[in-house]
Amino acid sequence: MKRVKAACILQTLLFSQKDDCGLTHEQQLKANHGEVNRYKATMDRSRIRYQITEETEQADGSVLVRVRKQYNDKADVSEYFN
């Protein structure tokens with residue numbers, strides 16, 4: 001029998017607006033950072049343990065986020081968050 005002793009999800013997310021949205025670079029950055037903050041708030045509300053390892057603004061106004069997050073509430077993630 002096998003059991004999952006520890007698990008986590010590694011994701012690279014790109015938050016960006018449509019190319020033809022008509023926003024300036026600064027407006028796109030603000031909108032994308034707002035989306036990132038809503039994503040973090042959603043994980044906080046859901047009580048998902050997560051760790052942002054990188055959050056980088058790209059030249060086109062998008063925001064690249066690398067996140068390590070809890071797989072589920074039964075798998076131990078402590079070894080990934082130390």
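Side chains included, hydrogens not; waters and symmetry mates left out as well; all remaining heavy atoms used.
At a threshold of 4.0 Å, the pair K40-E55 counts as salt-bridged, since one of the basic side-chain nitrogens sits closer than that to a carboxylate oxygen.
Heavy-atom minimum distance, R38 versus A31: NH2-O, 4.4 Å. Counting all heavy atoms, side chain and backbone alike, E35 lies closest to S16 at OE1-O, 4.3 Å. The two atoms that bring G61 and N32 nearest to each other are O-ND2, 2.5 Å, heavy atoms only. The minimum heavy-atom distance linking A59 with H25 is given by the pair O-CE1, 3.2 Å.
Taken to the nearest 0.5 Å, the OG1 atom of T53 stands 8.0 Å off from the CG atom of L10. The distance from atom OH of Y50 to atom OG1 of T42, rounded to the nearest 0.5 Å, is 9.5 Å. Atom SG in C8 sits 10.5 Å away from atom CG in D76 (nearest 0.5 Å). In this structure, CZ on F15 lies 9.5 Å from CG on N37, to the nearest 0.5 angstrom.
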Practice item. Please lay out, stage by stage, how V77 and Y71 fare under the test side-chain contact (heavy atoms from CB on, under 4.5 Å). Key: CA-CA 8 Å; V77 294; Y71 176 69; 5.6 Å; no
Exercise for review: Under the side-chain contact (heavy atoms from CB on, under 4.5 Å) rule, what do V67 and Q51 come out as? Steps first, then yes or no, please.
Suggested key: CA-CA 6 Å; V67 63; Q51 184 178 56; over 6 Å; no
Practice item. Apply the test side-chain contact (heavy atoms from CB on, under 4.5 Å) to residues E57 and L29: give CA-CA distance (whole Å), side-chain angles for both, the deciding distance (0.1 Å), then the verdict. Key: CA-CA 8 Å; E57 294 177 358; L29 276 175; 3.8 Å; yes
Exercise for review: Starting from the C-alpha separation in whole Å, work towards a yes-or-no answer on side-chain contact (heavy atoms from CB on, under 4.5 Å) for I52 and V65.
Suggested key: CA-CA 7 Å; I52 303 291; V65 176; 3.8 Å; yes
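There is a path of hydrophobic side-chain contacts, each under 4.5 Å, that joins I48 to V36. Residues V63 and L14 fall into different hydrophobic clusters, defined by Ile, Leu, Val, Met, Phe, Trp and Tyr side chains chained together at heavy-atom separations under 4.5 Å. I9 and Y39 sit in two unconnected hydrophobic clusters of ILVMFWY residues. Membership requires side-chain heavy atoms under 4.5 Å apart, directly or through other members.
Using modelled atom types, one side-chain atom of Q70 and one backbone atom of N72 make a donor-acceptor pair closer than 3.5 Å. A distance-only check finds no donor-acceptor pair linking the side chain of S62 to the backbone of Q58 [under 3.5 Å].
With sequence neighbours excluded, the residues that form a side-chain contact (heavy atoms from CB on, under 4.5 Å) with E54 are T56, L64, R66.
For R49 and F81, the positive end sits near the middle of the six-membered ring, less than 6.0 Å away and at most 45° from its axis.
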